Amino acid sequence: MARVLITSAIPYINGIKHLGNLVGSQLPADLYARYMRARGHEVMFLCATDEHGTPAELAAAKAGKPVAEYCAEMWQVQKDLSDGFRLSFDHFGRSSSAQNRKLTQHFARVLDEAGLIAEVSETQMYSHADGRFLPDRYIEGTCPNCGFESARGDQCDNCTKQLNPVELINPRSTISGSTDLEMRETKHLHLRQSTMKDRLEEWIDSREGWPILTTSIAKKWLNDGDGLQDRGITRDLDWGVPVQKGDAPWPGMEGKVFYVWFDAPIEYIACAQEWVDAGKGEDWARWWRTDKGAEDVRYVQFMGKDNVPFHTLSFPVTILGSGEPWKLVDYIKSFNYLNYDGGQFSTSRGRGVFMDQALEILPSDYWRWWLLSHAPENSDSEFTWENFQASVNKDLADVLGNFVSRVTKFCRSKFGEAVPEGGAYGPQEDALMAELTRRLGAYQGHMEAIEIRKAATELRAMWAAGNEYLQDAAPWAAFKEDPARAAAIVRLSLNLIRLYTVLSAPFVPDAAAALRTAMACDDAWPTDVESALNALPAGHGFSVPENLFRKITDEEREGWQAQFAGVRD
RNA sequence: GGGCCUGUAGCUCAAUUGGUUAGAGCAGAGCGCUCAUAACGCUUUGGUUGCGGGUUCAAGUCCUGCCGGGCCUACCA
């Protein structure tokens with residue numbers, strides 16, 4: 001038995017996430033966590049909300065609520081949705097927790113003591129009307145390069161030229177529209193990542209089998225231009241972790257907070273502490289401290305490609321730079337983006353399906369299956385309603401669901417609701433077992449390697465193998481001349497249902513649970529196919545389950561297409 | 001501008017890392033079955049691997065030049 005620590009990139013608190021966000025980190029992380037648990041490994045699966053930063057403050061203001069209250073409410077909303085999608089976090093924490101505050105301040109202190117923090121005086125745009133410093137993206141103005149009137153302070157969306165806010169003509173706040181802006185001097189802490197460039201590169205080069213997406217993004221940041229740049233890790237905001245050196249004040253940094261990308265990854269660790277404080281476990285350190293039992297932990301992170309620099313560079317600098325024995329990530333699984341029907345998901349335009357809407361129209365298993373079997377592992381992928389309807393109807397309803405239905409109903413009508421006895425397995429059963437043995441090996445290999453689409457393909461092939469076997473063995477024909485033979489076929493097929501239940505649970509946990517209840521069976525992962533297909537003995541009672549999956553009609557599909565198309569420009 | 005990824009059947013994707021005749025699923029066509037959610041099975045149509053050069057005994061795979069799509073480019077998170 002191994003121990004596996006799994007974290008999903010933590011979703012930002014500001015609003016409900018769409019299906020692209022879900023499939024980019026939380027959902028594949030859950031698949032892996034469920035699989036590893038099923039294989040008997042000890043798993044710690046952590047996620048949280050990322051609550052700090054300007055967007056949270058603005059969203060709270062828009063909602064007319066104090067930011068702490070807004071975040072508490074949105075945390076509950078996201079928690080309920082993750083429960084709805086059956087995301088099996090051992091704990092769903094909050095980056096605003098007391099544990100994270102303390103730990104973030106601790107890391108700041110030890111990094112400072114290690115000489116990795118620099119105090120830098122810089123000038124930033126301050127808005128009098130808004131009463132705050134503005135991030136570059138919150139300033140708009142006319143592009144000095146092309147004349148585009150809605151250029152952002154960091155880059156012009158029209159000519160793509162990178163800008164500095166002071167270069168904008170007629171700059172204004174995108175929050176209030178105010179033009180009462182001035183460049184003000186302010187002091188900030190920088191994390192001296194540049195000093196650790198070689199060490200980071202050596203570490204990344206020594207990793208084997210990482211997705212090319214992960215390493216190529218990391219290498220780009222390490223070697224682009226002048227190489228890895230230092231990064232500001234503080235902000236002039238109210239909402240965040242106050243800048244302190246551990247428990248002590250940080251002279252000159254009063255009233256400032258740490259930047260979200262400094263404290264958010266630290267929440268991975270703090271989340272385990274929250275898990276303990278919530279009474280869910282005893283010892284967080286054996287997952288996170290290599291001096292306290294974590295040296296044999298395998299730590300796997302899941303994230304969208306936009307998060308890769310922070311997980312391959314900034315956070316490792318925090319961990320390594322501390323000089324303390326914190327567990328460093330072993331494998332980083334990154335994802336491309338899921339697009340929606342020819343374009344991007346868009347929160348502002350209401351385009352695409354969001355987590356709450358998805359659960360309102362169909363159970364989570366339908367989404368889990370489609371999203372995971374189409375996970376954007378190699379390139380951006382695309383959600384279309386036609387594809388979704390076809391996959392769900394064919395894979396889930398016809399191939400898996402109907403197999404369960406035909407077997408259980410045939411047995412009920414001919415033998416009653418118990419595994420029939422008599423007859424023997426023969427060459428057809430041998431051939432089926434040989435195929436399933438081969439495919440099970442492939443399935444497990446893909447799951448270990450986190451090759452999600454390939455795993456889904458193999459799982460589906462095992463479902464299809466059941467239908468092929470049934471057609472070939474034809475128990476309805478055998479029953480007329482040799483009922484004992486038909487009994488053997490049905491006995492094997494019922495055992496096949498149990499096997500599917502176990503193997504499918506990481507993808508479609510609710511359907512698996514329903515089947516486990518109907519078959520009155522356990523969920524032990526198979527050691528070998530032959531014994532797995534003898535797990536349910538003759539006489540074992542079961543009940544015919546309701547249809548596992550319904551089909552999506554053309555009318556529904558058309559309705560949803562219109563409903564989620566978003567407002568036109 | 002720079003960098004990275006990507007382009008394979010109508011659609012979604014494979015191809016053991018340079019090795020036999022480029023394979024699956026869906027959709028289409030034909031046949032079969034009747035246990036089942038009009039489900040299932042079998043057979044089958046469909047390809048100048050974006051385009052042009054090059055290296056090699058051998059290229060979807062490597063090099064090069066075009067064309068298309070996407071992402072990143074460090075103060076959104």
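The chains referred to below are lettered A, B, ... by the order of the sequence lines, with proteins before strands, and numbering in each begins at 1. Side chains included, hydrogens not; waters and symmetry mates left out as well; all remaining heavy atoms used. For clarity, every value in this text was computed on a predicted model and none was experimentally measured.
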*Assign the ring pair Trp560(A) / Trp385(A) to parallel, tilted or perpendicular, where the plane angle (0 to 90°) is split at 30° and 60°.*
tilted
*Please state whether the rings of Phe383(A) and Phe388(A) are parallel, tilted or perpendicular, taking 30° and 60° as the class boundaries.*
tilted
_Can you confirm whether the side chains of Ser379(A) and Asn336(A) place a donor and an acceptor under 3.5 Å from each other?_
no
*With centres under 5.5 Å and planes under 30° as the test, does Trp476(A) stack with C35(B)?*
yes
Using a cut-off of under 3.5 Å, enumerate the N/O to N/O pairs linking the protein to nucleotides 9-11 of chain B.
none

*Using a cut-off of 4.0 Å on non-hydrogen atoms, how would the nucleic acid contact of Ser381(A) be classed: base, sugar-phosphate, or nothing?*
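Touches sugar-phosphate only.
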Taking only side-chain N and O atoms of [X], does any of them lie within less than 4.0 angstrom of OP1 or OP2 on [N]?
X         : N      : value
Gln344(A) : C71(B) : yes
Tyr259(A) : C76(B) : no
Arg137(A) : C76(B) : yes

Sort me out a list of protein N/O and nucleotides 2-5 of chain B N/O pairs below 3.5 Å, or just none if empty.
{"residue": "G2(B)", "atom": "N2", "partner": "Lys220(A)", "partner atom": "NZ", "Å": "3.4"}
{"residue": "C4(B)", "atom": "O2'", "partner": "Ser216(A)", "partner atom": "OG", "Å": "3.2"}

*Could you tell me which residues satisfy side-chain contact (heavy atoms from CB on, under 4.5 Å) with Thr214(A), sequence neighbours excluded, listed by chain and number?*
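With sequence neighbours excluded, Thr214(A) shows a side-chain contact (heavy atoms from CB on, under 4.5 Å) to Trp210(A), Pro211(A), Val308(A), Thr312(A), Ile332(A), Ser334(A), given in chain and number order.
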*Sequence neighbours left out, what passes side-chain contact (heavy atoms from CB on, under 4.5 Å) with Lys62(A)? Give chain and number order.*
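Checked Lys62(A) against side-chain contact (heavy atoms from CB on, under 4.5 Å); zero matches.
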_Filter on salt bridge (Lys or Arg N to Asp or Glu O under 4.0 Å), then keep only pairs touching residues 378-390 of chain A, sequence neighbours left out; what's left?_
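Checked against salt bridge (Lys or Arg N to Asp or Glu O under 4.0 Å) - neighbours excluded - the pairs reaching residues 378-390 of chain A are Lys305(A)-Asp380(A).
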*asked:* Phe549(A): which residues meet the ring-ring contact (aromatic ring centres under 6.0 Å, His included) condition with it, sequence neighbours left out?
replied: Tyr366(A)
_Interatomic distance, Asn467(A) CG vs A39(B) C1' [rounded to whole Å]_ = 9 Å
*May I have the distance from Phe315(A) (atom CZ) to A77(B) (atom C1'), rounded to whole angstrom?*
17 Å
Can you tabulate the close N/O pairs, meaning under 3.5 Å, that link protein atoms to atoms of nucleotides 25-29 of chain B?
{"residue": "G25(B)", "atom": "O3'", "partner": "Arg460(A)", "partner atom": "NH2", "Å": "2.9"}

*For RNA chain B, which residues in residues 480-499 of chain A have a heavy atom at a distance below 4.0 Å?*
none
_Near-strand residues of residues 545-553 of chain A, defined as heavy-atom separation under 4.0 angstrom from RNA chain B_ =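 Only Asn547(A), Leu548(A), Phe549(A), Lys551(A) qualify.
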*For Ser95(A), side-chain hydrogen bond (donor to acceptor under 3.5 Å, both in side chains) partners two or more places apart*: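 Ser95(A) satisfies side-chain hydrogen bond (donor to acceptor under 3.5 Å, both in side chains) with no other residue.
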_RNA chain B: stems of at least 3 consecutive Watson-Crick or G-U pairs whose donor-acceptor distances fall under 3.5 Å_ =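 As far as RNA chain B goes, consecutive pairing (with distances under 3.5 Å) yields the stems B:1-7 with B:67-73, B:10-13 with B:23-26, B:28-32 with B:40-44, B:50-54 with B:62-66.
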*What side-chain hydrogen bond (donor to acceptor under 3.5 Å, both in side chains) pairs are there with at least one residue in residues 48-59 of chain A, not counting sequence neighbours?*
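Matches after skipping sequence neighbours: Thr49(A)-Glu51(A), Glu51(A)-Arg94(A), Glu51(A)-Ser96(A), His52(A)-Asp263(A), Glu57(A)-Arg132(A).
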